[in-house]
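Below: one structure, written as structure tokens.
In this text, all values refer to a predicted model and were calculated from it rather than measured experimentally.
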Amino acid sequence: MDFRDASPADAPLIAAMHVESWRIAYAHIMDPAYLAGGIEAERLATWTQRLEHSAPGQRIIIAERDGQPMGFTCIIGGADDRWGTLVDNLHALPAARGTGLGTALLARGAEWAIEGWPRTGLFLWCYSDNLAARGFYASRGGVEVEDWDKPGPDGRTLPEKRIYWADPAILIR
């Protein structure tokens, strides 16, 4: 697996991966009409904005195998004074599931967070109904520390859990 930092030219690629991932992983969570509708344009606008006008401390890493995109992560270093660095997105395409890609992307994010924001934690938000992802994070030492009802992109309010690693080094093999 090869990893590289995203550039503004990667917005269509990241948007396409995001859409594909959501349509599978969130089919039982988000409104099916939203997932089938204009999600492509909405995700493209989001990622174009995020890549052209990066938030402070933002890094987006794309994973590729043999030149083919397999997934990505978006990390925002030092996003929260209490919780540390935010893993804002972590998506593996269906072809990459079970290959260790999610673990590798988390490790890359943890390494970067430790370099730039030492002695702080790492966290993410996960939909409460995304049991597979919650199990994945728990198996990697993530602790569910908080619940929140978040306005979702599909217009509904969706319950989420904050998953936290007090010491991100646990994610580095």
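- Distance CH2/Trp47 to CD1/Ile60: 4.5 Å, rounded to 0.5 Å.
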Candidate pair Arg4 and Ile62, rule side-chain contact (heavy atoms from CB on, under 4.5 Å), full reasoning: CA-CA 5 Å; Arg4 66 178 178 83; Ile62 297 173; 3.7 Å; yes
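- Taken to the nearest 0.5 Å, the SG atom of Cys126 stands 8.5 Å off from the CG atom of Leu131.
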Verdict with supporting geometry, Lys150 and Trp125, side-chain contact (heavy atoms from CB on, under 4.5 Å): CA-CA 10 Å; Lys150 176 185 173 188; Trp125 289 99; 6.0 Å; no
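- Ring planes of His91 and Trp22: perpendicular class, angle over 60° (limits at 30 and 60°).
- Here the closest heavy-atom approach between residue Arg108 and residue Ile61 is recorded as CB-CD1, 4.0 Å.
- Two residues are said to be in side-chain contact when any heavy atoms from C-beta on lie closer than 4.5 Å; Thr99 and Arg65 meet this criterion.
- Other residues, nucleotides and ligands contribute more than 12 heavy atoms inside 6.0 Å of the CG atom of Asp5.
- Formation of a donor-acceptor pair under 3.5 Å by the Trp112 side chain with backbone atoms of Gly77 is not found in this model.
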Test log, rule side-chain contact (heavy atoms from CB on, under 4.5 Å), inputs Leu90 and Tyr137: CA-CA 11 Å; Leu90 178 69; Tyr137 298 130; 3.7 Å; yes
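- Arg156 places a side-chain N or O within donor-acceptor distance of the main-chain N or O of Ile29, the cut-off being under 3.5 Å.
- Closest heavy-atom contact between Ser128 and Lys161: OG-CG, 3.5 Å.
- Residues Tyr127 and Glu160 share a closest heavy-atom pair of CE2-OE2, 3.4 Å.
- Clustering ILVMFWY residues whenever any of their side-chain heavy atoms sit less than 4.5 angstrom apart, transitively, puts Ile24 in a cluster other than the one holding Leu13.
- Side chain of Arg23 to backbone of Leu35: a donor-acceptor contact under 3.5 angstrom is found.
- Looking at Thr85, its side chain does come within 3.5 Å of a backbone N or O of Gly78 through a donor-acceptor pair.
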CA sep, side-chain torsions, deciding dist, call: Gln58, Asp88, side-chain contact (heavy atoms from CB on, under 4.5 Å): CA-CA 9 Å; Gln58 176 181 283; Asp88 188 52; over 6 Å; no
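- Going from atom CD1 of Ile114 over to atom CG of Leu171 covers 8.0 Å, rounded to the nearest 0.5 Å.
- Within the 4.5 Å cutoff, no side-chain heavy atoms of Ile39 are placed close to those of Met30.
- Rounding to the nearest 0.5 Å gives a distance of 4.5 Å between CD of Glu20 and CG of Leu93.
- Looking only at distances, no side-chain donor or acceptor of Ser21 sits under 3.5 Å from a matching main-chain atom of Met17.
- Interatomic distance, CD of Gln68 versus CG of Asp66, reported as 8.0 Å (0.5 Å rounding).
- Within a 6.0 Å radius of CG in Asp147, other residues, nucleotides and ligands contribute more than 12 heavy atoms.
- A perpendicular orientation is assigned to the rings of His18 and Phe72, their planes being inclined by more than 60° (bins at 30° and 60°).
- Between Pro12 and Leu44, some side-chain heavy-atom pair lies under the 4.5 Å cut-off.
- Of the inter-residue distances, the one linking Thr73 atom OG1 with Ile14 atom CD1 reads 10.5 Å to the nearest 0.5 angstrom.
- Without hydrogens or angle criteria, Asp154 side chain to Tyr34 main chain gives no donor-acceptor distance under 3.5 Å.
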